[in-house]
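The structure appears right after this line, and notes come after that.
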Amino acid sequence: MRFRYSKDFRSSLRLSELPRPKWWGRWIRFFKSFEVLFFKVLELLDLYRAQKSIIGIPTLATANFTSLQAAVFNGTQEEVLGFKPRRLFHRILRGIPDLEFFERVKFQVSFSENNLRTIEASTEVRGFVHLQMPWQLPETSPRVSWVRLSPVGVETSFGKVSLGDYEILSAPVFFLNDKIDSVIISDIDDTIKDSNVAKSTTLSSVLSGLFRGNYYHYEAIEGMAEFYQSLASKNSLIIYVTSTPYELAPFLLKFLRERNFPEGPVFMRWLGYGRFGHKWRTINRILNQVQQQKCILIGDSGEQDLQIYRRICETSNYGEKVKKILIRHIPGTPFQKAAHSRENFYTEISELKSQIESVLK
């Protein structure tokens, strides 16, 4: 089955709830076109060859929809993670990752041996792709598959232009099917890693990060990776829902991989959306596809996780699906009171374990 992300298809079905670029998007593409042509001439003269990275983000396939996510950066992955930008602007402000606009990416997902589905999409002015495809799961599907990513070219005012070399990091897609017994939806900041918001958001820290490019260093909360791995080994699907923006995808994925957290779908935030709205919409969409699985929501007291989870459980039928809401209390934040028997607070990982084990038994 093959889909083309054409204008006719876009007008008949929204593939993403992200806003489409307006008039300013056309102007950005217009100026981008001349930049692309300039570097294409340099490439033909063998004077310079652009290098880009396509980074796939782990995603989710359910009975009624399949999410597809990827971000495109200027430079190799080593350059992006090492704060070695190529363009002048990003050499000055090294803490701003250099996303590529209007890069067209092809996604291929194998749902079974004879079921390969393909679609193309553009990063447009956001620098990333996040699609919600109406692809239904076949009767039998694996627990996990891989999304093949490949570049198609840069969209310009003169058509698609092939430019430079690409380093591609593919990503898995996880299937929410009958092989999954429980769904663990987890926040990331201050839930599985220390974000040190009070220290990292001071003016001096922000300025230092912008000009030095050493702002994205993460420390895992001790014991959380091992505990999440034990849950994943018991047929639990760990889904990460975070307010971290797509611009920081390479740093966040590197953290999860190097700290040995189990792989699972990662839903990040577009900077054009608020934290509350992003998490509320994402979790609602997931819970709407949960069937017989038990669901647990894990967050912290540093942001609005408890308020978001409560709002979700007020939705018809969702409260029955959510067996536990577990909130890590962060020192220095106000103590919160439980409004329902499903709500519990913890400070030590041992408390978290006992609460989850009581549900999964």
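Here the structure is a predicted model, which means the values were calculated and not measured. We use all heavy atoms of the structure for the numbers below, so side chains are in, but hydrogens, waters and symmetry mates are not.
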Worksheet item: Can you check whether Y318 reaches C295 side chain to side chain, under 4.5 Å on heavy atoms?
Response: no
Worksheet item: Should the pair D305-R328 be classified as a salt bridge under the 4.0 Å nitrogen-to-oxygen rule?
Response: no
Side-chain atoms of residues 244-253: list all donor-acceptor pairs with protein atoms under 3.5 Å, sequence neighbours left out, distances to 0.1 Å.
{"from": "T244", "atom 1": "OG1", "to": "T242", "atom 2": "OG1", "distance (Å)": "3.0"}
{"from": "Y246", "atom 1": "OH", "to": "Q69", "atom 2": "OE1", "distance (Å)": "2.6"}
{"from": "Y246", "atom 1": "OH", "to": "H130", "atom 2": "ND1", "distance (Å)": "3.0"}

Worksheet item: Can you check whether P85 reaches N74 side chain to side chain, under 4.5 Å on heavy atoms?
Response: no
Practice prompt. Taking salt bridge (charged side-chain N to carboxylate O under 4.0 Å, His left out) as the test, write out the residues that go with D300, two or more places apart.
Written response: none
Practice prompt. Mind jotting down which residue pairs meet the salt bridge (Lys or Arg N to Asp or Glu O under 4.0 Å) criterion with at least one end in residues 145-156? Sequence neighbours excluded, please.
Written response: R104-E155
Worksheet entry | Salt bridge present between R310 and E343 (N-O < 4.0 angstrom) | yes
Practice prompt. With sequence neighbours excluded, tell me which residues meet salt bridge (charged side-chain N to carboxylate O under 4.0 Å, His left out) with E35.
Written response: K32, R87
Fill in: K40, NZ atom: more than 12 neighbouring heavy atoms under 6.0 Å
yes
Fill in: T156 side-chain N/O to G159 backbone N/O, donor-acceptor pair under 3.5 Å
yes
Response to the item:
Taken in chain and number order and not counting sequence neighbours, the residues that satisfy side-chain hydrogen bond (donor to acceptor under 3.5 Å, both in side chains) with D165 are R49
Fill in: Sub-4.5 Å side-chain heavy-atom contact between F175 and R143
no
Fill in: SB check E258 K254 (cutoff 4.0 Å)
yes
Worksheet, complete the sentence: For R86, the salt bridge (charged side-chain N to carboxylate O under 4.0 Å, His left out) test, sequence neighbours excluded, returns E79
